[in-house]
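Okay, structure first, notes after.
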Amino acid sequence: MNEEVKICQLLKMVGRQKESLLTMISLQIQQILENSLYLSAGELPFYIKQFTINIDLLYHHTAQYFSKDEDLIKVCLNASTFYKSFVLNKLLVERKKIYLSDLATDHVIKIKQLKEVYQLAALQPDALDKKLVQLRDMIHDEEKSLNTVSMSMENSYSSFDPKRYLAKQESLVDFIYYHYGDQPDSIQYAAIVYNASLEQYSMTTLLRLRNLRSSFFKTLP
């Protein structure tokens, strides 16, 4: 097989890989937005954690194979800002719904009562895990009921656009990390940089956790 054919095949494979990463993250964000309507405030962070492996894959492959690809770096920035802010924004929106809706009054009162009962039960020296789990489930059920009160409110998300927040002479730096192996310390730190004057995205890998630890311990007396 000549070199030109090998290069063509490699380019096709890389193209498919990039397309699959873009599709995966797009579908993942849409899935989270849709399913968040049926999750309580307490359940939402744990649900989002299920998708961590896909984000690791996106960051790792972009840093290793597509470090100059601005399309994928931009997707990395969008994913990072989405996962860092979505849970917080979601909770704030839910709180706003609660205070704006008269229909939610009964749910709010019941949640408050259940939380008070839970706190008192947890303080008891003979507190039963089964009882506490039942109370937590009841609180989650009531919180999910609040979603149905305002189900007509659409969950929307628009891609993060740094140009909206930066002056021409400014840059944005977003620090991320991802797992590159099975070991607990197999963590790579990286930085996504957006230069507003050049309207240019770039990604730079930084230290690995194991290197950071070894450097730290070397400095100790």
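In what follows, residues are counted from 1 in the order of the sequence shown.
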- request: Identify whether Y65 and L58 are in the same connected component of the hydrophobic contact network (ILVMFWY, side-chain heavy atoms under 4.5 Å).
  value: yes

With a 4.5 Å limit on heavy-atom distance, are the side chains of F46 and I48 in contact? no

d(S80 OG, Y177 OH) to nearest 0.5 Å is 10.5 Å

Identify every side-chain donor-acceptor pair in residues 190-204 under 3.5 Å, counting partners at least two apart or on other chains, and give the distances.
| residue | atom | partner | partner atom | Å |
| --- | --- | --- | --- | --- |
| N195 | OD1 | S197 | N | 3.0 |
| N195 | OD1 | S197 | OG | 2.6 |
| N195 | OD1 | L198 | N | 3.1 |

| query | Is the backbone of H61 close enough, under 3.5 Å, to the side chain of Q64 for a donor and an acceptor to pair up by distance? | reply | no

Got V75 and D71 here, is their nearest side-chain heavy-atom distance under 4.5 Å? no

Within a strict 4.5 Å, meaning less than it, do heavy atoms of the Y83 and I55 side chains meet?
yes

Exercise. With a 4.5 Å heavy-atom cut-off, do T205 and Y59 have their side chains touching?
Worked result: no

Notebook entry, point to check: Out of curiosity, does I187 fall in the hydrophobic cluster containing L206 (side-chain heavy atoms, cut-off under 4.5 Å, transitive links)?
Noted result: yes

Item to check | Close side-chain approach of Q28 and F82, heavy atoms under 4.5 Å | outcome: no

Distance col, row I73:CD1 vs S67:OG, nearest 0.5 angstrom, shows 7.0 Å

Rounded to the nearest 0.5 Å, the CZ atom of F66 sits from the SG atom of C76 at a distance of 10.5 Å

* Asked: Is F51 close to Q31 at the side-chain level, that is, under 4.5 Å between some pair of heavy atoms?
  -> yes

Between the OG1 atom in T81 and the CG atom in L172, the distance rounded to the nearest 0.5 Å is 9.0 Å

message: Whether R208 engages the ring of Y189 as a cation-pi pair (distance to the six-membered ring centre under 6.0 angstrom, angle to the ring normal within 45°) should be assessed.
response: no

Sequence neighbours excluded, the answer for salt bridge (Lys or Arg N to Asp or Glu O under 4.0 Å) partners of K68 is none

**Prompt:** Are L57 and M24 side-chain neighbours, meaning at least one heavy-atom pair lies under 4.5 Å?
**Reply:** yes

Given 3.5 Å as the limit, does a donor-acceptor pair link the side chain of H60 with the main chain of D56, or not?
no

The reported gap from CD1 in I32 to CG in N35 (rounded to nearest 0.5 angstrom) is 8.5 Å

Between the CD atom in Q188 and the OH atom in Y180, the distance rounded to the nearest 0.5 Å is 7.0 Å

Between I25 and L22, is there a shared hydrophobic cluster once you connect ILVMFWY residues whose side-chain heavy atoms come closer than 4.5 Å? yes

Under 4.5 Å between side-chain heavy atoms, hopping through other hydrophobics if needed: is there a path connecting L77 to Y165?
yes

